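What follows is a set of notes on a single structure, which appears directly below.
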There are 2 protein chains.
Amino acid sequence: MSSSIKDVARVAGVSVATVSRALSGAAAVSPALTERIQQAIRETGYRPNLSARRLRSQDSGTIGLIVADIRNPFFTAVSRAVEDAAYSAGLRVILCNTDENPDKEAMYLNLMEEERVTGVIFAPTRQTADQLNAQDWSFPIVLIDRVGARGGQDAVALDNAAASALLVEHLHAQGCRRIAGVFGNASSSGVERHDGYVAAMFRLGLPPRSTFVPPQALAAEEAVAHWLRETARPDALIASNGLLLMGLVRAVRHAGLQIARDIAVAGFDNESWTEIVEPGLTVIEQPVDDIGRNAMQLLSERLKNPDLPARKLLLSGRCIERGSTRCGGAAV
Amino acid sequence: MSSSIKDVARVAGVSVATVSRALSGAAAVSPALTERIQQAIRETGYRPNLSARRLRSQDSGTIGLIVADIRNPFFTAVSRAVEDAAYSAGLRVILCNTDENPDKEAMYLNLMEEERVTGVIFAPTRQTADQLNAQDWSFPIVLIDRVGARGGQDAVALDNAAASALLVEHLHAQGCRRIAGVFGNASSSGVERHDGYVAAMFRLGLPPRSTFVPPQALAAEEAVAHWLRETARPDALIASNGLLLMGLVRAVRHAGLQIARDIAVAGFDNESWTEIVEPGLTVIEQPVDDIGRNAMQLLSERLKNPDLPARKLLLSGRCIERGSTRCGGAAV
DNA sequence: TTGAAAGCGCTAACAA
DNA sequence: TTGTTAGCGCTTTCAA
């Protein structure tokens, strides 16, 4: 068995309270005793028991971070930003991966409840986002990435509509006119990117052409392959995230087309491979660090002041223009 | 405040012991009381407090998973396999990310101690692997990916030497003779892949050419760029992981060379982008699921039987041959 | 089958 | 500045 604060107290010849105070630094302990306690800790190999601490202090010092897919570089990047910010604030992070599965989302929210976390940062599926009720949970929740239609929740996300418009306008400026897009159907961000795309196309007087697919590369590949077989095929393609973009590229290759020369390609998420794939893919870069940092910030403020009105924070993306959209003014 | 088992007991008109028994199912509780307790749980919105449970039962029901870089798809894949296996065994997983930083490794091992985890699965840096002393920790440790020279520890990893040999032999069969490699210096797997490469080259009577770099794409890029400026430049390049492979590809492109036609390229880790990059990159695919599953398996058995001799499990990789090594027999 | 009660390791109020 | 003690929420003897 590992040794407890009692063992340390006995070895140091002091009370457990003194040991506790020496450890926390909350109250003054004389230098002589502090030294004896340090020595006793070394002798006994004492380690505080976090479960006991949490139980007694009624403070888990922990936040939950629930994301849809940890393999998605967007979420890994955001997670790191959140963890750094949480660590600076003296908080631990429990990272949970839901696989875009509402059952797992419910399971993890329940787990967070049992862990008595002080707060949760959550990227929900669309279904959960639409039903999520803040009152159902004993901790404040900050939504990230998938903000959903319903307001009244703290949230941080990319300004999806504006980002879509950036892509459409860039493609339009390159001479593209038949711009089609595949959008993820699992997340509200997919929906918002779709809506922004449609609105931008409308403003430019172009007919939108779009489809929703499940969050798998293969689904995007098949949808795009279908379009590419048409006679008046699109002259530009958009994908609403990195995974779908990969399927899209595969479909273009498979159809024997060359990116840029035959068809423009653009998407969301500046994953490192998008730079490597010839001739470089034009993408929207999300401010992942800011998203994570701000989510933590909103959560901290909410914890300090539960009565604050809900805030939704939309951050701008940046369009990184690469070879895939230099179409040489082929169309029109 | 959230309600406790006491509240449930009061509402149901039973003792806390009965509620506890009804919840755990460890002892029989009459159907009538079970029903009343269920009702009381619903009324009170009771959630068990995991900290209290862990403290009392002296069992965290939790394992730690400490990896070097969660952005690396290899580790995300292994993590998922570990989590699935742990979940099936009724265990929670605490995921920690060390950034290849020995200080963070020590910090997280200490945290695991304070969380009283039942076991740890750990991919250490080389430095930590060389010093790690099982006796220093109160939980069993299973090493993954980075097994280290010192034996006497449970471990699961790719058979790195054999995998390197696969690559070298494949390149040799394609007609390559001046095969050079960049290897990561942070992990023992980088060292083992290097040693396997050197041994295979030696067997084939070829002069090895290699360098160790820190785990950053840029470092690999610079090392390779240097080689490519030589008159008798390599006719094939190997990188010891996905990150370095990306830097390698960038250097080749930057030098104005075309993969396959001008120089063969191969590496480790079947990341999805390696298929997309023209003309497809030949890579060693690691059995990530098996690595995760077996690590969990070894840990479970160790927990059941602490006196078992240490076991080191080496799993075979698969060479996925793609366009990047179809050199058309240019050389010799 | 049920209840009373002890105690896991810790912190914090209170007393000295 | 230090010690005594209650009790966080839970499980688990021991008795009934």
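The structure presented is a predicted model; accordingly, all values stated were derived computationally and were not measured. Just so it is clear, the values below take in all heavy atoms, side chains as well, and ignore hydrogens, waters and symmetry mates. Every chain is numbered from 1 and lettered A, B, ... according to where its sequence line falls, protein lines coming before strand lines.
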Measure from CZ on B:R54 to P on D:dT11 and round the result to the nearest Å. 12 Å
How many Å lie between CZ on B:R10 and C1' on C:dG3, as a whole number? 17 Å
Taking CG from B:L55 and P from C:dT11, how many angstroms apart are they, rounded to a whole number? 12 Å
Using whole Å, report how far CD of B:E115 lies from P of C:dG9. 16 Å
Counting side-chain heavy atoms from CB outward, which of D:dC10, D:dC8, D:dT12 is closest to B:A17? D:dT12
Are side-chain N/O atoms of B:Q39 and B:R42 paired as donor and acceptor at under 3.5 Å? yes
Spacing of B:R53 atom CZ relative to D:dT12 atom P, expressed in whole Å: 10 Å
When you measure from the side chain of A:Y46, which nucleotide among C:dC10, D:dC10, C:dA4 comes out closest? C:dC10
Could you check B:L33 against B:R116 and say which one's nearest nucleotide on DNA chain C is further toward the 5' end? B:L33
Check this one for me: any side-chain N or O of B:R56 less than 4.0 Å away from OP1 or OP2 of C:dG7? no
Measure CG/B:L23 against C1'/D:dT11 and give the value in whole Å, please. 11 Å
What residue among A:T98, A:N97, A:D99, A:T125 forms side chain to side chain donor-acceptor pair (under 3.5 Å) with A:K104? A:D99
Which atom pair, heavy atoms only, marks the closest approach of A:A155 to A:V147? CB-CG2, 3.7 Å
Per atom distances to the A:V29 side chain, the nearest of D:dC8, C:dT11, D:dT2 is D:dT2
Just compare D:dT1, D:dC10, D:dG3 and give me whichever is closest to any side-chain atom of A:S30. D:dT1
Side chain to side chain contact (heavy atoms under 4.5 Å, CB included) evaluation trace for B:Y46 with B:I5: CA-CA 7 Å; B:Y46 167 76; B:I5 203 172; 4.1 Å; yes
Test: A:R54 and A:E115 ion pair at under 4.0 Å: no
Send over the distance from A:I37 CD1 to D:dT2 C1', rounded to a whole Å. 10 Å
Touch check for A:R21, heavy atoms < 4.0 angstrom, all strands: base, sugar-phosphate only, or nothing? base
Is there a side-chain contact between A:T18 and the phosphate of D:dT2, meaning an N or O under 4.0 Å from OP1 or OP2? no
For the pair made of NZ in A:K6 and C1' in D:dT5, what is the distance, rounded to whole Å? 12 Å
Considering just the side-chain nitrogens and oxygens of A:S20, establish if one lies under 4.0 Å of OP1 or OP2 belonging to C:dT11. yes
Does the side chain of A:Q58 get closer than 4.0 angstrom to OP1 or OP2 of D:dG9 through an N or O atom? yes
